[in-house]
A.B. asks: 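Please find one structure pasted underneath; my questions will follow.
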Amino acid sequence: MKKIKLPFLYCASLCASVLPVLIYFLVNYDKYISTAPQKFKLLFGGLLAVGILIAKTIGAFKINSGIVFFGFAFVFSYLLESIVSDLLVFSFLALVGEILAMIVRAFIKREKAKQTEQRQEEAIERAILKSSGRV
């Protein structure tokens, strides 16, 4: 159970980031999908967004360049053109999701600390047993 807890918390963090926006999108699905090209653009934009969220969740995504940041902004604006009219709502829901994910990341940090402490205690116990000749 302890080995499963950390991956579960990472998944919960990702879900917390995505779920509010996804629910709102699904409720208004017919509004955003009216033509076939819009479906494909939204599909690629959504896949790109999920990929970035996964990279952000595991800590592998850092934007240091304005060119990269505005490049992503342009691509997202183009691909997600049909939902730009609701950008205010989506950005608020993304903020709510990020706050929820931040709470889950606090649990991740605590769980990592617990696992590190347990490994250290086990290593100390093994060293004590080894030095006493009971191994």
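The first residue of the sequence shown is numbered 1, and numbering continues consecutively from there. All values reported here derive from a predicted model rather than from experimental measurement.
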A.B. asks: To the closest 0.5 Å, what do you measure between OG1 (Thr116) and CD (Glu121)?
C.D. replies: 11.0 Å
A.B. asks: Under the rule for side chain to side chain contact (heavy atoms under 4.5 Å, CB included), what residues qualify as partners of Leu22, not counting sequence neighbours?
C.D. replies: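 If we apply the side chain to side chain contact (heavy atoms under 4.5 Å, CB included) test to Leu22, skipping adjacent residues, the hits are Val18, Leu26.
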A.B. asks: How many angstroms lie between atom CD of Glu111 and atom CZ of Phe8, to the nearest 0.5 angstrom?
C.D. replies: 11.5 Å
A.B. asks: If the threshold is 4.0 Å, N to carboxylate O, is there a salt bridge linking Arg105 and Glu98?
C.D. replies: yes
A.B. asks: Distance from Ile128 atom CD1 to Lys130 atom NZ, nearest 0.5 Å?
C.D. replies: 13.5 Å
A.B. asks: Is it possible for you to say whether Val89 and Leu100 belong to one hydrophobic cluster, with membership spreading through side-chain heavy-atom contacts below 4.5 Å?
C.D. replies: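 Same hydrophobic cluster.
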A.B. asks: Under the side chain to side chain contact (heavy atoms under 4.5 Å, CB included) test, which residues partner Phe92, sequence neighbours left out?
C.D. replies: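 Once residues adjacent in sequence are excluded, the partners of Phe92 under the side chain to side chain contact (heavy atoms under 4.5 Å, CB included) criterion are Val96.
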A.B. asks: Can a donor-acceptor pair be found, under 3.5 Å and without considering hydrogens, that links the side chain of Ser131 to the backbone of Ala127?
C.D. replies: yes
A.B. asks: What closest approach, in Å, do Ser13 and Ala101 show between heavy atoms, and which atom pair accounts for it?
C.D. replies: O-CB, 3.5 Å
A.B. asks: Of all residues at least two apart in sequence or in a different chain, which pass the ring-ring contact (aromatic ring centres under 6.0 Å, His included) check with Phe90?
C.D. replies: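 ring-ring contact (aromatic ring centres under 6.0 Å, His included) list for Phe90, sorted by chain: Tyr24, Tyr32.
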A.B. asks: Should Val75 and Val21 be regarded as members of a common hydrophobic cluster, given that ILVMFWY residues are connected when their side-chain heavy atoms come within less than 4.5 Å of each other, either directly or indirectly?
C.D. replies: yes
A.B. asks: Identify, with sequence neighbours excluded, every residue that meets side chain to side chain contact (heavy atoms under 4.5 Å, CB included) alongside Lys112.
C.D. replies: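 Checked Lys112 against side chain to side chain contact (heavy atoms under 4.5 Å, CB included); matches are Leu6, Tyr10, Ile108.
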A.B. asks: Are Met102 and Leu95 linked, directly or through other ILVMFWY residues, by side chains that come within less than 4.5 angstrom of each other?
C.D. replies: no
